[in-house]
2 protein chains.
Amino acid sequence: MTESTSTKPISVWLVEDNRHFSEAIECIFESEDGINLKESFRSAEAVLKALAKKTPPQVIILDLGLPGMSGIEAIPEILQHAPKCHVLVLTTDDGRSKVLAAIANGAAGYLLKGDDLDAIVSGIRDVVDGRAAINSRVSRMILDIFRKIPKPPPEAKLTSRESEILCLLADGKIKKEVADQLGISYYTVDTHVKRIYKKLQVNNLSGAIARMTQSGGE
Amino acid sequence: MTESTSTKPISVWLVEDNRHFSEAIECIFESEDGINLKESFRSAEAVLKALAKKTPPQVIILDLGLPGMSGIEAIPEILQHAPKCHVLVLTTDDGRSKVLAAIANGAAGYLLKGDDLDAIVSGIRDVVDGRAAINSRVSRMILDIFRKIPKPPPEAKLTSRESEILCLLADGKIKKEVADQLGISYYTVDTHVKRIYKKLQVNNLSGAIARMTQSGGE
DNA sequence: TGAGCCATCCCGAGAAAACGGGATGTCGCT
DNA sequence: AGCGACATCCCGTTTTCTCGGGATGGCTCA
């Protein structure tokens with residue numbers, strides 16, 4: 001669990017438009033044995049261009065508030081060119097939408113500029129070891145969001161048969177097709193669907209599917 | 001951001017059936033100024049009983065692999081009796097279902113027994129300060145799950161009007177109702193829906209709603 | 001052995017949706 | 001002035017759903 005201290009140094013690129021901050025980071029990393037800061041960029045465009053020519057680093061530390069192309073947009077581009085590279089977001093903005101977008105786009109970590117510098121260093125190790133480096137405040141936000149997603153699973157226990165049928169219907173199939181596919185009568189499907197409506201307290205397929213995909217979507 | 005070092009000590013309860021581990025923890029906490037380990041329990045039942053009588057601590061460190069009632073089940077019970085208490089899960093099991101269940105049930109943190117003891121101590125501070133304390137491996141898992149949810153956002157650009165209508169339909173409303181609510185004709189709604197089907201490449205509402213809720217669900 | 005739950009099948013009337021047209025007007029851009 | 005995207009409205013036919021019944025057999029549990 002603590003094996004990365006004395007292995008070969010981790011290659012890192014930095015993308016940060018703020019001169020002061022990037023210099024501070026560069027300075028810190030120089031006195032860190034395990035970190036080898038190889039390049040430093042001021043924009044997403046610059047790092048993407050470099051990615052096309054040079055061999056990618058293990059970690060790219062990415063600011064989000066960049067001029068031109070935003071860091072958020074850059075993440076998928078980076079990962080497309082260098083799928084094995086770990087993108088570690090390091091920014092000031094801990095807004096919900098930014099966090100979510102970064103994660104959705106493939107960020108392996110999300111740290112804040114207010115974090116301790118050791119946290120950043122150990123975050124780098126985390127991401128190369130396949131773990132996530134998330135600021136604890138951001139973690140909390142993610143957890144809160146997480147909790148809200150599978151929120152309303154009150155009483156809506158469908159039979160396995162019923163959810164099977166609802167699934168097929170959600171694929172856009174019509175009852176007749178479902179019946180054929182399951183080798184049962186149209187009427188049976190219809191009856192199942194009626195019961196689904198009762199249980200889910202809806203009165204048409206649309207409502208049922210909406211309920212289903214928003215609660216027991218898995 | 002680093003204000004909790006010299007404030008009043010944090011009151012903590014420990015729930016852990018493994019004697020060795022709980023003694024180790026107790027030992028560590030004794031030499032920690034900021035932590036005041038007040039009680040130690042061997043089961044979920046025991047801590048729940050205590051919660052009914054004594055004033056709850058700020059943090060409850062909870063093992064999941066308990067005899068009798070599992071830690072997972074205990075979390076909601078604890079929070080019901082002590083809503084302001086922070087439950088910090090500390091266990092060996094980093095299985096996906098356990099993690100998700102713990103979070104869904106309201107855990108403020110999820111650390112592993114393999115973590116550094118300082119990580120546990122700082123995790124306690126994190127949770128009382130409203131942040132999350134998540135092991136980085138577990139974070140990674142959560143992120144991976146997160147990414148899978150809003151996965152397929154390919155090309156399905158609906159007009160704002162179109163998605164508005166689709167939303168209403170997803171609530172189970174019928175076209176007539178949508179028309180009334182928007183103050184437009186039934187025919188207009190019908191036309192919009194037709195175009196939605198074309199764009200989404202489906203041929204009924206069910207498919208459209210499924211697509212919508214699974215991609216641009218927000 | 002009866003009660004409950006589940007899955008299955010059946011019918012018919014009326015409501016709603018799907019679909020393939022055709023049509024008008026606005027707005028912004030060129 | 002024209003083009004394209006968008007929103008609006010209209011009609012008729014065919015298809016599908018919705019929902020009110022009713023009915024059977026299997027299974028489990030008390």
Side-chain angles (χ1 to χ4, degrees), chain A residues 68-69 73 150 152-218, chain B residues 69 73 152-218:
Chain A
M69 173 187 275
E73 296 167 290
E155 290 314 306
K157 273 270 150 269
L158 297 187
T159 319
S160 63
R161 194 55 154 175
E162 284 165 352
S163 34
E164 186 184 9
I165 286 175
L166 187 49
C167 265
L168 294 172
L169 257 5
D171 281 340
K173 294 191 173 67
I174 66 176
K175 288 178 183 171
K176 174 74 172 56
E177 290 172 324
V178 173
D180 287 349
Q181 180 168 336
L182 296 182
I184 59 181
S185 152
Y186 167 88
Y187 300 112
T188 306
V189 175
D190 189 69
T191 305
H192 281 302
V193 170
K194 281 185 226 173
R195 282 199 274 259
I196 291 172
Y197 292 168
K198 298 283 182 209
K199 290 188 184 177
L200 264 37
Q201 309 222 53
V202 297
N203 48 6
N204 57 33
L205 245 191
S206 318
I209 289 173
R211 274 237 196 300
M212 180 219 217
T213 50
Q214 285 177 358
S215 62
E218 187 77 3
Chain B
M69 174 186 274
E73 297 168 289
E155 290 311 308
K157 272 271 152 269
L158 297 186
T159 318
S160 62
R161 194 54 155 177
E162 284 165 350
S163 36
E164 186 183 8
I165 287 175
L166 187 49
C167 265
L168 294 173
L169 256 5
D171 282 340
K173 294 191 174 67
I174 65 177
K175 289 177 182 172
K176 173 75 171 57
E177 290 173 325
V178 173
D180 288 349
Q181 180 168 339
L182 297 180
I184 58 182
S185 154
Y186 168 87
Y187 300 111
T188 306
V189 175
D190 190 70
T191 305
H192 280 302
V193 171
K194 281 183 223 172
R195 281 199 275 261
I196 291 172
Y197 293 168
K198 297 283 182 209
K199 289 189 185 177
L200 263 39
Q201 309 223 53
V202 296
N203 49 4
N204 57 32
L205 245 190
S206 318
I209 290 173
R211 273 234 197 300
M212 182 220 216
T213 49
Q214 284 177 359
S215 63
E218 189 79 2

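Any value given below was found using the heavy atoms of this structure, including those in side chains, with hydrogens, waters and symmetry copies removed. The sequence lines fix the lettering, A, B, ..., with proteins before strands; numbering per chain opens at 1.
Every side-chain contact (heavy atoms from CB on, under 4.5 Å) that A208(A) has, sequence neighbours left out, goes to L166(A), I196(A), Y197(A), L200(A), V202(A). Residues meeting the side chain to side chain donor-acceptor pair (under 3.5 Å) test with R161(B), sequence neighbours left out: E164(B). In this view, K176(A) and D180(A) satisfy the side chain to side chain donor-acceptor pair (under 3.5 Å) rule, not counting sequence neighbours. Legend: residues meeting side chain to side chain donor-acceptor pair (under 3.5 Å) with K175(A), ordered by chain and number and at least two apart, are D190(A).
Remark: P of dT8(C) and CD of E162(A) are 10 Å apart, rounded to the nearest angstrom. What separates CD1 of I209(A) from C1' of dT16(D) is a distance of 14 Å, to the nearest Å. Nucleotide dC6(C) holds its P atom 11 Å from the NE2 atom of H192(A), rounded to whole Å. Following rounding to the nearest Å, I165(A) (CD1) and dC9(C) (P) show an atom-to-atom distance of 10 Å.
When each of dA7(C), dC11(D), dC10(C) is scored by its nearest atom to the side-chain atoms of Y187(B), the top-ranked nucleotide is dC11(D). Of all nucleotides listed (dA7(C), dC6(D), dT8(D)), dC6(D) comes nearest to the side chain of K199(B).
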Base-contact (B) and sugar-phosphate-only (S) positions in nucleotides 16-27 of chain C, heavy-atom cut-off under 4.0 Å, - elsewhere: SBBBBB------
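At distances below 3.5 Å, not a single donor-acceptor pair connects side-chain atoms of Q181(B) with backbone N or O atoms of V178(B).
Between V193(B) and L169(B), the closest side-chain pair of non-hydrogen atoms falls below 4.5 Å. Taking 4.5 Å as the limit, some side-chain heavy atom of M212(A) sits within range of a side-chain heavy atom of C167(A).
Atom CD1 of I184(A) and atom NE2 of H192(A) lie 5.0 Å apart (nearest 0.5 Å).
Fit an axis to the five pairs at each end of the helix from dT1(C)-dA30(D) to dT30(C)-dA1(D) and the two axes sit 50° apart, to the nearest 10 degrees.
For dC9(D), the OP1/OP2 oxygens have a side-chain nitrogen or oxygen of T188(B) closer than 4.0 Å.
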